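Comments concern the structure below.
All values below come from the heavy atoms of this structure, side chains included, with hydrogens, waters and symmetry mates left out. Fair warning: this is a prediction, and the values are worked out from it, not measured in the lab.
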Amino acid sequence: MDYRVNNISYKYTKDGEEVLKNVSFSIEKGKVTAIVGPSGCGKSTLVQIFSQVIPKLINNGELEGSFDVPQDTFVSVVSQNPENQLFGYGVEDAIAFGLENIGMPQEEIVERMEYVLDLLNLQYLRKRSVDNLSGGQRQSVCIASVLAMKPDILIMDEPVSSLDPNGKKMVQDILGQLSNSGNTTVLVDNNLVWSAGIVDHVIGLLEGEVVFDGSRDEFFKNFELQEKLGVILPQEVELYRELSKQFQDIDLFYTVDEAFAQLQGKVKKKEILQKEALKEEMEPIITVQQLVKQFNDGFTALDHVDAQLPKGKVIAILGQNGSGKTTFVRHLNGLHKPTSGEVLYKGTSILGKTVAQISKNIILVFQHPEHMLFEETVEKELTFCARMQEVPFSEEHITEVLEHYHLEKERETFPLNLSMGKKHMLTILSVLFSSADVIILDEPTLGMDGFLIEDLEKMIADLKAAGKTIIMISHEIPLVFRVSDYAVILNKGEKLFEGTKEKLVEREDIFEKINIMLPPVVQLSKKLGLDEVVFQVDDFMKKVLEQRNE
């Protein structure tokens with residue numbers, strides 16, 4: 001029997017606007033259902049109804065309709081923000097918390113803990129403190145704590161937003177196994193990049209209403225709807241969309257190998273053109289010398305790391321979860337003090353300065369926006385940095401930014417009431433009003449739909465054009481290759497690579513070592529024999545059409 005969502009409508013206050021409007025669909029038992037839609041369309045509200053947070057805990061609103069499941073059905077949710085769901089000092093405490101709360105015997109708790117630690121490859125973390133884990137590791141522990149409960153319906157609200165490509169692949173494989181065993185999963189996530197291989201059924205929400213209810217393949221062939229919903233697609237599907245406009249015999253594909261099989265013979269192979277290297281002097285704005293960081297629990301997060309981060313460039317910090325990326329950037333703005341080593345800004349040490357002093361030049365936007373939201377309204381939050389640093393701003397500039405980034409309607413909204421994607425965008429926008437010329441973004445796409453990511457890319461380009469330096473941690477590899485100029489790769493606290501993006505794509509050995517795949521367009525550029533390695537779908541299409549066999 002399928003689980004049924006019956007005519008659910010909801011408003012948070014009796015006289016407020018409807019967030020959900022007569023939402024009806026089936027969740028197929030034993031399948032993976034993806035619920036997609038732009039930021040603020042009602043996805044997270046639906047999760048709260050499924051988990052009974054609405055109306056049991058949030059009970060001021062008006063709920064109509066029902067989520068029909070058998071009486072003993074156990075529904076469990078992996079939260080959008082793992083920090084809201086981890087209880088206890090250590091990893092073992094966090095996993096055992098829910099099991100202990102339902103009075104499970106100790107023997108069975110131990111058995112289930114071993115099961116999820118093995119399933120998610122987390123045995124190496126079991127004795128670690130939750131506080132000292134990376135964002136991705138915390139998210140993995142959060143997923144483990146929910147899987148240990150063995151729910152009948154597993155609901156995952158943006159479950160892999162902080163996970164590295166390895167972690168995403170692992171969760172994808174586990175959900176595939178659960179589906180094969182008859183388990184039911186609902187993914188509430190506008191990012192279909194990681195889950196395209198396992199999703200069976202797609203529900204599209206727009207302004208609180210169901211606008212699509214069908215199979216994954218039907219959805220991936222509906223280009224107009226994808227754009228309306230701001231869904232983040234696998235780059236392979238983006239390639240299919242553009243190639244199908246030029247080649248009538250192209251079928252839907254999900255992998256680079258499938259794309260290559262269909263394009264082979266349609267594109268004439270050429271040698272990669274050896275462009276004359278531009279001798280560009282890259283003046284470092286931040287220099288890191290022999291940086292070592294050891295935490296109180298004895299874990300060495302950084303081991304003698306050197307780096308010279310060039311002025312006026314977009315710099316990507318890459319590596320798997322736990323490689324030291326966030327620890328590294330937190331030394332650049334003074335949040336962490338090194339065990340040993342030095343950090344220089346324009347040749348001068350920052351180690352004796354406070355975070356407030358450093359933030360006038362180097363500012364960090366946290367991975368989780370809740371850590372940076374202090375004010376009562378969106379407008380006040382936008383100008384928070386400027387007011388703290390006594391940087392002048394005008395009402396016209398505020399209005400211009402709010403309108404440009406589609407936040408004008410939320411000008412007087414309490415920031416924590418925004419959708420996750422808009423909260424994240426607001427924290428990034430607030431640093432635009434600061435005096436800093438180095439802006440660090442830690443996983444900036446967390447919670448963002450395709451529209452917000454497009455805005456983010458334009459913002460990064462504008463900041464670079466204005467002479468700012470942007471340092472970005474991100475596991476969204478196609479995005480990284482679209483916007484970055486330079487990269488630093490960390491692995492287990494050590495630096496593996498530092499240099500330009502063009503040099504990086506030549507080093508496939510490094511990507512094999514850190515087990516991260518190059519973007520599909522880069523892989524296909526090489527496999528098809530294009531005369532240039534390209535980083536964007538548009539550039540790939542130009543090259544394919546240039547080299548098309550007549």
Does Thr469 use its side chain to pair, donor to acceptor, with the backbone of Gly312 at less than 3.5 Å?
yes
Within the side chain of Asp2, is there an N or O that forms a donor-acceptor pair under 3.5 Å with the backbone of Lys29?
yes
Close side-chain approach of Asp164 to Ile516, heavy-atom, < 4.5 Å
no
Glu158 side chain vs Leu446 backbone, donor-acceptor pair below 3.5 Å
no
Should the pair Phe384 and Phe374 be assigned to parallel (<30°), tilted (30 to 60°) or perpendicular (>60°) ring geometry?
tilted
So, for Asp442 and Thr326, which heavy atoms are closest and what is the spacing to 0.1 Å?
OD2-OG1, 3.0 Å
Say you draw a straight line from CD1 of Ile317 to OH of Tyr486; how long is it, rounded to the nearest 0.5 Å?
9.5 Å
Decide side-chain hydrogen bond (donor to acceptor under 3.5 Å, both in side chains) for Ser215 and Asp217; before the verdict, give the C-alpha distance in whole Å, the side-chain angles of both, and the deciding distance to 0.1 Å.
CA-CA 6 Å; Ser215 73; Asp217 287 2; 5.8 Å; no
Taking the side chain as C-beta and beyond, is there a heavy-atom pair between Leu528 and Phe540 under 4.5 Å?
yes
Would you say the side chain of Tyr3 lies within less than 4.5 Å of the side chain of Val186, judging by non-hydrogen atoms?
no
Main-chain N/O of Lys380 paired to Arg387 side chain as donor or acceptor, under 3.5 Å
yes
Give a yes or no on whether a salt bridge exists between Lys168 and Glu476, defined as a side-chain N under 4.0 angstrom from a carboxylate O.
yes
Flag, side chain of Gln48 to backbone of Val53, donor-acceptor distance under 3.5 Å
no
Any Ile198 side-chain heavy atom under 4.5 Å of Ser179 side chain
no
Any sub-3.5 Å donor-acceptor pair from Gln523's side-chain atoms to Leu518's backbone N or O?
yes
Between Asp539 and Lys543, does the salt bridge (charged side-chain N to carboxylate O under 4.0 Å, His left out) criterion hold? Intermediate values first, please.
CA-CA 6 Å; Asp539 294 334; Lys543 282 289 165 194; over 6 Å; no
What orientation do Phe25 and Phe50 show, parallel under 30°, tilted 30 to 60°, or perpendicular over 60°?
perpendicular
So do Leu63 and Ile8 actually touch side chain to side chain, heavy atoms under 4.5 Å?
yes
Closest heavy-atom contact between Asp189 and Val36?
O-CG1, 3.4 Å
So, Asp257 and Lys527, do they make that salt bridge, N to O below 4.0 Å?
yes
Looking at CD of Glu236 and CG of Leu239, how far apart are the two atoms once the value is rounded to the nearest 0.5 Å?
7.0 Å
Less than 4.5 Å apart, side chain to side chain, heavy atoms only: is that true for Gln235 and Pro519?
yes
When you measure from the side chain of Glu370 to the backbone of Leu416, do you find a donor-acceptor pair of N or O atoms at a distance under 3.5 Å?
no
Nearest 0.5 Å, what's the CD1-CG distance between Ile203 and Leu187?
12.5 Å
Are the charged groups of Arg411 and Glu395 less than 4.0 angstrom apart, N to O?
yes
Lys/Arg N to Asp/Glu carboxylate O, Lys458 vs Glu454, below 4.0 Å:
yes
Between Thr184 and Gly30, is there a donor-acceptor pair closer than 3.5 Å when you use the side chain of the first and the backbone of the second?
yes
Heavy-atom count around Glu207 CD within 6.0 Å, excluding the residue itself: above 12?
no
Determine whether a donor-acceptor pair (N or O, by modelled atom type, separation under 3.5 Å) exists between the side chain of Lys43 and the backbone of Val188.
no
Can you check whether Asn7 reaches Glu64 side chain to side chain, under 4.5 Å on heavy atoms?
no
So, for Leu233 and Val193, which heavy atoms are closest and what is the spacing to 0.1 Å?
O-CG2, 3.3 Å
Tell me whether the centres of the aromatic rings in Phe219 and Phe212 are closer together than 6.0 Å.
yes
Measure across Phe481 and Val505 and return the closest heavy-atom pair with its distance rounded to 0.1 Å.
CE2-CG1, 3.4 Å
CG/Leu263 to CZ/Phe247 distance, rounded to the nearest 0.5 angstrom?
6.5 Å
Side chains of Leu332 and Leu364 in contact at under 4.5 Å (non-hydrogen atoms):
no
I'd like to know if the side chain of Asp449 and the backbone of Ser39 have a donor-acceptor N/O pair within less than 3.5 Å.
yes
